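Chain letters run A, B, ... following the sequence lines, proteins first and then strands; every chain starts at 1. Since the model is a prediction, treat every value here as computed from it, not as a measurement.
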Protein chains: 2
Amino acid sequence: MNLSQAIVAGDETAQRRAIAKGITLLESTRADHRAQADALLTELLPHAGRSFRLGISGVPGVGKSTFIEALGLFLIAQGHRVAVLAIDPSSSVSGGSILGDKTRMEHLSVHPQAYIRPSPASGTLGGVAAKTREAMLVCEAAGYDIVIVETVGVGQSETAVAGMTDMFVLLQLPNAGDDLQAIKKGVMELADLVVINKADIDPDAAMRAQAQITSAMRILGQHGRAEHAHHDETLWHAQVLQLSALKAEGLDRFWAAVSRFRHLQEAGGRIAARRRQQSLAWMWERIESGLKQAFRQHPQVQALLPQLTREVEKGGIAASTAARQLLAAMLEPRP
Amino acid sequence: MNLSQAIVAGDETAQRRAIAKGITLLESTRADHRAQADALLTELLPHAGRSFRLGISGVPGVGKSTFIEALGLFLIAQGHRVAVLAIDPSSSVSGGSILGDKTRMEHLSVHPQAYIRPSPASGTLGGVAAKTREAMLVCEAAGYDIVIVETVGVGQSETAVAGMTDMFVLLQLPNAGDDLQAIKKGVMELADLVVINKADIDPDAAMRAQAQITSAMRILGQHGRAEHAHHDETLWHAQVLQLSALKAEGLDRFWAAVSRFRHLQEAGGRIAARRRQQSLAWMWERIESGLKQAFRQHPQVQALLPQLTREVEKGGIAASTAARQLLAAMLEPRP
């Protein structure tokens with residue numbers, strides 16, 4: 001049994017080991033590993049894509065771990081198999097302790113029907129996101145039918161997670177100003193569903209937050225998708241829910257909303273369309289990242305870049321002129 | 001007298017003609033023109049950079065033309081020379097009629113101390129922005145000491161304008177929801193000053209809008225610049241003003257705020273730092289754009305791209321695998 005077969009059809013222990021080995025191979029930066037990794041991906045691809053991909057974001061302290069643990073156990077009790085992946089661009093600094101740390105989800109992490117993988121700990125957000133996307137395909141090929149991709153609410157990682165999932169959920173605290181921060185970062189706009197967590201601590205504040213966010217999303221949506229589809233009954237309108245993950249209150253309503261979203265999106269063919277669009281965007285993101293890396297590693301560019309950077313900074317040469325000289329150094333090599 | 005000399009020191013008629021000729025050269029896409037354009041830029045650069053660069057944005061209907069005409073005439077009366085440039089990524093569609101149309105500013109456009117140039121009408125936002133940046137240097141070399149770069153509040157052009165100016169001003173209408181749209185698009189965050197125009201039409205609504213935007217900017221700023229500099233008296237805190245451009249009311253207060261911003265920023269060395277950072281960002285934006293263009297034009301890439309795109313769309317190959325194959329086709333040519 002080779003690696004892809006073990007991932008798709010191994011018994012529990014062998015499968016778990018094969019998944020870990022496969023993801024480690026996909027995360028490797030060695031050139032020979034990369035060729036093996038591409039072969040593995042191509043073998044797994046026919047078995048992938050059958051899960052529901054759920055993105056979850058929220059700032060530190062919002063209760064993501066508690067929420068995901070409660071949700072994961074709730075879903076396993078309904079017969080699902082749940083994989084949890086994480087994207088944390090800061091994990092190369094923090095050693096990956098913020099996200100994906102198995103001790104955060106003590107019951108879920110030891111459950112045979114769950115697989116938890118911390119954030120890849122290397123490089124740029126684009127690189128981390130690419131590795132997580134590939135890990136998602138491995139988990140799907142292994143038969144996990146719910147894949148949760150979580151990220152911490154800092155930086156641009158929310159866009160990356162929304163760009164690889166079927167539904168994007170934003171966890172919020174019932175604090176004034178949190179919604180403005182989410183709007184500012186463009187995260188509110190990405191959300192298919194907003195969940196106000198810890199609603200039990202201050203029910204009045206949670207009610208106010210729900211009203212404010214609902215109103216803000218209505219205004220934000222005015223120039224967006226809503227205008228195109230007044231008469232489309234399969235259309236989902238972003239919603240705002242309250243719950244308490246700690247007390248496991250509201251998970252049933254949360255999952256009912258997710259299921260309704262999934263049903264409407266599948267009926268309209270939107271999940272397949274969203275995934276096609278995501279795949280193409282991902283391909284172009286990887287191309288742009290690869291071009292930039294090749295540029296920075298080109299010997300002629302490396303020879304010219306420091307001097308031209310200084311000239312641009314002190315105003316001796318226009319930035320666009322410097323850019324053209326550097327591009328010519330890479331793309332039009334002198335004989 | 002060659003072109004750069006005519007731009008720097010020509011008499012009024014010769015200079016105006018030379019500016020137009022120089023900008024047209026900079027906007028040309030012909031390869032031989034490009035070399036001449038780079039030579040011109042390098043000659044002009046020592047004479048550029050001495051203006052105050054003011055970015056102005058606002059949605060259609062907010063009254064940008066009326067505001068800029070009133071402001072331009074106000075500044076000329078104080079002895080300034082004023083250039084107005086525009087960035088309108090839609091102008092290739094609209095024929096440039098939205099922005100930069102001289103009939104919009106009937107008095108300013110015929111004034112000998114003003115120079116108005118419509119948006120370049122070609123290509124991507126990055127290309128349009130690059131050409132406008134270069135046009136700005138031409139106007140500066142010709143001695144215009146106030147350069148206004150305007151853009152319409154759609155798309156990403158606000159970021160481009162904020163990225164080439166010393167101060168970014170957002171015009172808003174006193175309408176509920178306008179501020180949320182500006183926050184959503186990340187424009188509120190870019191604004192050094194927010195101006196509520198047409199305040200005379202509904203003074204109560206204008207007061208409410210001013211209070212709301214002031215409060216929103218305070219919350220948005222909490223995680224930003226404010227926290228770093230509690231004791232820095234040269235620090236500017238973003239402000240919100242009301243005025244009526246149509247009645248020319250409030251221009252003096254507006255310009256007093258701009259002057260105070262400029263004074264504080266220059267005292268702290270921040271304008272020079274902002275310009276250095278803008279130049280480097282501009283250089284990298286042009287490099288990335290050039291790399292992508294070279295990729296799309298590469299014969300091997302063009303041969304592979306349609307087939308690989310279809311494979312990615314139908315799930316036959318992973319997006320990252322396709323990206324690696326395309327990059328190899330360009331960067332590792334087979335002998």
Student: Please report the closest heavy-atom contact between B/Ala319 and A/Ser279, naming both atoms and the distance.
Tutor: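 Shortest heavy-atom separation between B/Ala319 and A/Ser279 comes out as CB-O, 3.3 Å.
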Student: Relative to chain B, which of A/Arg275, A/Glu285, A/Lys292 shows the most heavy atom pairs under 4.5 Å?
Tutor: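 Top count of heavy-atom pairs under 4.5 Å with chain B: A/Lys292.
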Student: Are any non-hydrogen side-chain atoms of B/Glu288 and A/Leu291 less than 4.5 angstrom apart?
Tutor: no
Student: Going by heavy atoms in the side chains, are B/Met283 and A/Leu305 under 4.5 Å from each other?
Tutor: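 Sidechains of A/Leu305 and B/Met283: in contact.
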Student: Carefully, step by step, assess A/Leu331 and B/Gln297 under the rule side-chain contact (heavy atoms from CB on, under 4.5 Å).
Tutor: CA-CA 12 Å; A/Leu331 301 169; B/Gln297 290 174 349; over 6 Å; no
Student: Who wins among B/Arg286, B/Arg34, B/Arg324 for the most heavy-atom pairs under 4.5 Å with chain A?
Tutor: B/Arg324
Student: Which region of A/Thr42, side chain (C-beta onward) or backbone (N, CA, C, O), has a non-hydrogen atom less than 4.5 Å from a non-hydrogen atom of chain B, or is it both or neither?
Tutor: side chain
Student: Counting heavy-atom pairs closer than 4.5 Å to chain A, which one of B/Ile317, B/Leu44, B/Leu280 comes out on top?
Tutor: B/Leu280
Student: Non-hydrogen atoms of chain B under 4.5 Å away: do they reach the side chain of A/Leu41, the backbone, both or neither?
Tutor: side chain
Student: Which one of B/Ala318, B/Ser289, B/Gly290, B/Ser320 has the most heavy-atom pairs closer than 4.5 Å to chain A?
Tutor: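 Heavy-atom pair counts peak at B/Ser320.
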Student: Can you check whether B/Leu327 reaches A/Gln293 side chain to side chain, under 4.5 Å on heavy atoms?
Tutor: no
Student: Is A/Glu134 in contact with chain B via its backbone, its side chain, both, or neither, using a 4.5 Å heavy-atom distance?
Tutor: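 Contact with chain B: side chain only.
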